[in-house]
Amino acid sequence: MTVNLLDLDAAGLTGFFAQLGEKPFRARQLLRWLHRFGESDFSRMTDVAKSLREKLVQVASVTPPALISDRLSDDATRKFLFAVGSGNAIETVFIPEVERGTLCISTQAGCALDCAFCSTGKQGFNRNLTVAEIIGQLWQAKRLLGADPHAQDRVVSNVVLMGMGEPLANLDNVVTALRLMLDDNAYGLSRRRVTLSTSGIVPAMDRLAEQCPVALAVSLHAPNDQLRDRLVPINRKYPLNALMAACRRYLSAAPRDFVTFEYVMLDGVNDRDADARELLRLTRDVPCKFNLIPFNPFLNSGFQRSKPERVRRFAEILIAAGIVTTTRKTRGDDIDAACGQLAGQVQDRSRRTRKTVPLMELVR
Ligand code: SAH
Ligand code: SF4
């Protein structure tokens with residue numbers, strides 16, 4: 001069995017080289033070759049002793065998820081589909097903007113949380129992604145985008161964990177991948193430029209704050225428990241008062257002094273003036289910004305996007321109360337790359353067991 005070096009952060013690589021009887025600085029060298037230069041061929045790692053390079057060929061590999069397809073939207077959003085074995089595939093989206101390039105990456109094949117308006121959730125859940133599969137999306141994207149003649153120096157300036165899956169339901173692997181994103185020898189991104197989005201798994205929010213705080217986005221979507229229980233079922237386990245308290249605790253460790261609340265705008269469901277006013281009361285003690293997301297439809301979703309005028313009015317109520325509120329521009333919907341449209345290919349392993357195993361058991 002060879003070790004996939006993309007599974008290891010600095011500490012993991014140091015341990016790996018110690019087992020080979022090598023010095024810790026080898027970990028630093030390998031991090032640079034693998035992640036800064038995107039090199040996968042040991043024979044080209046010229047400052048590594050030849051005998052060690054030969055040993056690495058025997059005991060290690062550099063195996064990112066394989067690219068299946070690469071599509072470009074009319075608005076320059078680019079969507080990659082990667083194979084992660086057993087007929088499963090995950091999606092990664094690159095969103096270029098004038099001042100930054102954001103990569104949206106997946107953390108699970110599918111998602112067990114089953115939010116009512118999310119196409120990933122509707123597909124069911126297969127498994128957690130490995131570290132190599134999570135960081136491998138950045139590794140691959142950097143390489144694929146670097147081939148673009150218009151690419152700038154740091155093509156990916158921001159990473160958001162907002163693709164398929166619930167990152168906090170795969171905390172250990174996500175934290176190791178985050179450490180690689182932040183490591184100066186690897187991707188060197190600042191904590192403020194890496195945002196994790198969660199539907200609100202409260203104990204894991206506390207663990208993230210301890211282990212690797214990055215910018216936090218919370219998928220709120222409803223101003224009260226009655227509605228949120230229906231839209232975001234994990235709310236039945238971690239209701240809004242517990243979630244708001246967790247946000248406040250998180251902020252004491254966070255690299256930013258606000259939480260971003262994401263709020264998908266569903267026509268006639270959660271988009272009334274009264275809902276906006278209730279949100280103001282709910283979030284009164286949490287320094288926050290709001291990001292309104294026009295609902296992106298998919299087949300048989302049962303929901304409709306709020307009218308632009310309604311979204312504008314909703315935003316105005318929040319803004320009038322002093323909350324910075326942005327409305328997310330829909331990008332990449334012509335190639336199904338917009339929020340909540342990522343479906344990949346997921347061999348569902350959860351539905352059959354749902355009859356006997358409560359849904360929440362799947363979220364560990
Ligand atoms: N599981 C995490 C991260 C992935 S989802 C989470 O739920 O936060 C990323 C964002 O897209 C979340 O805010 C999610 O609620 C939103 N989203 C899901 N389905 C959507 C849809 N159909 N239209 C618009 N946004 C959607
Ligand atoms: Fe999972 Fe997030 Fe989709 Fe909910 S919105 S089903 S948590 S990916």
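All ligand and atom numbering here is 1-based and tracks the order in the structure. FYI, the numbering just counts along the sequence from 1.
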Asker: Give the atoms of ligand 2, by number and element, whose distance to some non-hydrogen atom of D114 is under 4.0 Å.
Answerer: 6 (S)
Asker: Rounded at 0.5 Å granularity, tell me how far CG in D267 sits from CZ in F295.
Answerer: 10.5 Å
Asker: Less than 3.5 Å between some nitrogen or oxygen of P167 and one of ligand 1, yes or no?
Answerer: no
Asker: So for ligand 1, is F117 a polar contact partner (N or O within less than 3.5 Å, distance only)?
Answerer: yes
Asker: Can you list the atoms of ligand 1 that are under 4.0 Å from a heavy atom of C118?
Answerer: 18 (C), 19 (N)
Asker: Pull out every atom of ligand 2 sitting under 4.0 Å from any heavy atom of L113, numbered as shown with elements.
Answerer: 7 (S)
Asker: Under a 4.0 Å N-O cut-off, is there an ion pair linking R281 with E278?
Answerer: no
Asker: Look at ligand 1 and say whether H221 reaches it with a heavy atom at a distance under 4.0 Å.
Answerer: yes
Asker: Hey, what do you get for CD (E97) to CG (D75), rounding to the nearest 0.5 Å?
Answerer: 10.0 Å
Asker: Distance to 0.1 Å, residue and atom name: give those for the protein heavy atom nearest to atom 1 (Fe) of ligand 2.
Answerer: C111 SG, 2.3 Å
Asker: Decide yes or no on side chain to side chain donor-acceptor pair (under 3.5 Å) for E166 and T107, but give the supporting numbers first.
Answerer: CA-CA 7 Å; E166 167 50 55; T107 55; over 6 Å; no
Asker: Looking at atom 4 (Fe) of ligand 2, what's its closest protein heavy atom, distance included?
Answerer: C115 SG, 2.4 Å
Asker: Between C118 and atom 3 (Fe) of ligand 2, is there a contact where an N/O/S atom of the residue lies under 2.8 Å from the metal?
Answerer: yes
Asker: Pick whichever of A217, P297, S197, S219 has a heavy atom sitting closest to atom 2 (C) of ligand 1.
Answerer: S197
Asker: Side-chain contact test, heavy atoms from C-beta onward, threshold under 4.5 Å: evaluate it for R249 versus V202 and give yes or no.
Answerer: yes
Asker: Below a 4.0 angstrom heavy-atom separation, can you tell me which part of E166, side chain or backbone, both or neither, approaches ligand 1?
Answerer: both
Asker: Below 4.0 angstrom from a heavy atom of G121, which ligand 2 atoms are there? Numbered from 1 as shown, please.
Answerer: 6 (S)
Asker: What is the distance from atom CE of M244 to atom CZ of R284, rounded to the nearest 0.5 Å?
Answerer: 12.0 Å
Asker: Identify the two heavy atoms, one from V346 and one from G110, that lie closest to each other, and give their separation to 0.1 Å.
Answerer: CG2-N, 3.5 Å
Asker: Output the list of atoms in ligand 2 that are nearer than 4.0 Å to some heavy atom of S199, sorted by atom number.
Answerer: 7 (S)
Asker: Would S86 and Q347 satisfy side chain to side chain donor-acceptor pair (under 3.5 Å), going step by step from the backbone distance to the final call?
Answerer: CA-CA 8 Å; S86 313; Q347 311 297 317; over 6 Å; no
Asker: Going by heavy-atom distance to atom 4 (C) of ligand 1, choose the closest among G163, G121, A116.
Answerer: G163
Asker: Just wondering, do M45 and E39 contact through their side chains at under 4.5 Å, heavy atoms?
Answerer: yes
Asker: Report the nearest protein non-hydrogen atom to atom 2 (Fe) of ligand 2: residue, atom name, distance rounded to 0.1 Å.
Answerer: G165 O, 4.5 Å
Asker: Give the atom numbers and elements of ligand 1 that come within less than 4.0 Å of a heavy atom of V264.
Answerer: 23 (N), 24 (C), 25 (N)
Asker: Do S219 and V232 come within less than 4.5 Å of each other through their side chains, counting heavy atoms only?
Answerer: no
Asker: Looking at ligand 2, would S219 count as a contact under a 4.0 Å heavy-atom criterion?
Answerer: no
